[in-house]
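Here the structure is laid out as structure tokens; the discussion comes afterwards.
Note on naming: letters A, B, ... go to the chains in the order of the sequence lines (proteins, then strands), and numbering restarts at 1 for each one.
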2 protein chains.
Amino acid sequence: MRDVPFARRPITINPVNSPTSGQCEDCDARHVGLCDALSDEDIGFLARVAQRVVIPAGKTFIEEGDPASHFYDVNQGNVRVFKSLADGRRQVTGFMGVGDFLGLAVSAQYAFSAEAITDVNLCRFERAPLLQVFAEFPALERKLLDVATHEMVIAQEQMLLLGRKTAIERVTSFLMSWLERSEPFPVGASKPAAAKLSLPMSRTDLADYLGLTIETVSRSFSQLKRDGLIAFTDVHEVTLLKPQRVAALTAGDR
Amino acid sequence: MRDVPFARRPITINPVNSPTSGQCEDCDARHVGLCDALSDEDIGFLARVAQRVVIPAGKTFIEEGDPASHFYDVNQGNVRVFKSLADGRRQVTGFMGVGDFLGLAVSAQYAFSAEAITDVNLCRFERAPLLQVFAEFPALERKLLDVATHEMVIAQEQMLLLGRKTAIERVTSFLMSWLERSEPFPVGASKPAAAKLSLPMSRTDLADYLGLTIETVSRSFSQLKRDGLIAFTDVHEVTLLKPQRVAALTAGDR
DNA sequence: CGGGACTTTGAGCTTTCTCAACGATGGTGG
DNA sequence: CCACCATCGTTGAGAAAGCTCAAAGTCCCG
């Protein structure tokens, strides 16, 4: 399912948008991100202007420079957001998951591209109708400001990583932040034990996210393996054997 | 005036905050950024909760990790925003100027530090009162969302620079983006002639912004000088002799 | 079982960094 | 008013981290 190369599966659009909130009940993103700002009574007004969209793995659904006609909210799966240079160099600016909001743009064009890493379920919103809902529910706009602010904090952290950290620091920093995202609530456990993580993205994605080459990413992983800090069960599944020692290599903020 | 090293001049606070809009009339930031969202009639309600603050060059006025008690709006001068690692490595995440808004934070602590590059005039807002004004004037909150979104676009561009561009590309990219900021309205002139730019920040600031060392920044400038693309009248004043040829070196977006 | 895509490992190279010295500039005090 | 000193910026030479190129290994599917 994941990463079916050049899948020919078409984008699926579910046009059934009842004004009831029924369709949101079983959504993984119901209580995170934007949607969390609305009560069960109000969520229907947002759902009414939403289109459920399924994007097959590998598919580009936002193209840098294209008219910024839609907003997206991720319900399921993982997305890479990136910018490219004319000669093909690429910078992944973030990996988006459940509850993340995509497509914020001041200008009329998207400033970035977005591709499905895994098969992805999205809610797609047209610009104008969504802005109308915002006008009716200020809580949405406030939430969006929170989201944007939080993204800014993450972006600054990433600039620090890209501008000033070594390869090993970048890789371990990524592992720890990905761990945090995977386990929003690390219950108890002052001495965190081993943690298994799924890494849906390719080494290329990772390299382009960390400002490295795939070879350097691979060598960094190998070094961490040799040192007994991590172990791979699968290329896309890593276990942090010594999370604290991994964390110690991240060169965290002062 | 600029860069008085370790100035002992104290922070000046002007407590006179009349509820009239009078004090905003001659402010350089009146019609940019946040304040631009309010009419002359309404601006007084914002001014009422503002404190005018003067920060001497070199002074840190936001410290990473401190309680995020205030917001700031730059009225005059330049500010560097940065994050640091425990061992002193520093990443400047942005240079802020007139009309820029500072201090957005989701968490209770600032995620970054801010220092005055030149002497700086700020409007300082306490958290709670400002949020109240936001509640009364939704246009402010919307504007803030625009601002945050725009900052996100700039941050993504900077990640691309830090992760994927060469030294010369970083320096020329910086020059062109600084040029854009200095001349928000490049009237006419399809063939832009030479443009003189003020670079208030130090080479260290620049290096920490571009993810380079000061030596590499210096060498890049020297190369551009040798090639006849730029010329320095002063260390902090550069003239782009061939803006288009400089632009050609930036490896812009595809 | 074979082929293609992805990942890992190795060897040599390039860009940028580090260390060092020199030069310029501006503020201060004699 | 000028000389000195501290700070900042420039230039050079050698070192190193990470990149490029190459080849071998792995895994998933058909």
Can you tell me the distance, in whole Å, between the [atom1] atom of [X] and the [atom2] atom of [N]?
X: B:M201; N: D:dC8; atom1: CE; atom2: P; answer: 15 Å
X: A:F221; N: C:dT7; atom1: CZ; atom2: P; answer: 10 Å
X: A:E237; N: D:dT26; atom1: CD; atom2: C1'; answer: 17 Å
X: A:K165; N: D:dA17; atom1: NZ; atom2: P; answer: 18 Å
X: B:I214; N: C:dG23; atom1: CD1; atom2: C1'; answer: 14 Å
X: A:L206; N: C:dC6; atom1: CG; atom2: P; answer: 15 Å
X: B:L161; N: C:dT16; atom1: CG; atom2: C1'; answer: 15 Å
X: B:D234; N: D:dT7; atom1: CG; atom2: P; answer: 19 Å

Is there a side-chain contact between A:L160 and B:R90 (heavy atoms, below 4.5 Å)? no
Do B:D234 and B:K196 sit within salt-bridge range, that is, some charged N less than 4.0 Å from a carboxylate O? no
Basic-acidic side-chain contact under 4.0 Å: A:K59, A:E115: no
Residues which pass ring pair (Phe, Tyr, Trp, His ring centres under 6.0 Å) with B:Y72, listed by chain and number, not counting sequence neighbours: B:F61
Can I get a per-line list of side-chain donor-acceptor pairs under 3.5 Å for residues 91-102 of chain B, giving both atom names and the distance, sequence neighbours left out?
residue: B:Q91; atom: NE2; partner: B:D208; partner atom: O; Å: 3.0
residue: B:Q91; atom: NE2; partner: B:Y209; partner atom: O; Å: 3.1
residue: B:T93; atom: OG1; partner: B:V81; partner atom: O; Å: 3.4
residue: B:D100; atom: OD2; partner: B:G97; partner atom: N; Å: 2.8
residue: B:D100; atom: OD2; partner: B:R181; partner atom: NH2; Å: 3.1

Is there a donor-acceptor contact under 3.5 Å linking the side chains of B:S173 and B:E169? no
Partner set under side-chain contact (heavy atoms from CB on, under 4.5 Å) for B:N75, not counting sequence neighbours: B:C27, B:A29, B:R52, B:D73, B:N121, B:C123
Using the salt bridge (charged side-chain N to carboxylate O under 4.0 Å, His left out) criterion, which residues pair with B:D253? Sequence neighbours excluded. A:K83
Please list, pair by pair, any protein nitrogen or oxygen found under 3.5 Å from a nitrogen or oxygen in nucleotides 19-23 of chain D.
residue: D:dC19; atom: OP2; partner: A:T213; partner atom: N; Å: 3.4
residue: D:dC19; atom: OP2; partner: A:T213; partner atom: OG1; Å: 3.1
residue: D:dC19; atom: OP2; partner: A:T216; partner atom: OG1; Å: 2.5
residue: D:dT20; atom: O4; partner: A:R219; partner atom: NH2; Å: 3.0
residue: D:dC21; atom: N4; partner: A:E215; partner atom: OE2; Å: 2.9

Would you jot down, in residue-number order, the residues of residues 167-178 of chain B having a non-hydrogen atom under 4.0 Å from DNA chain C? B:A167
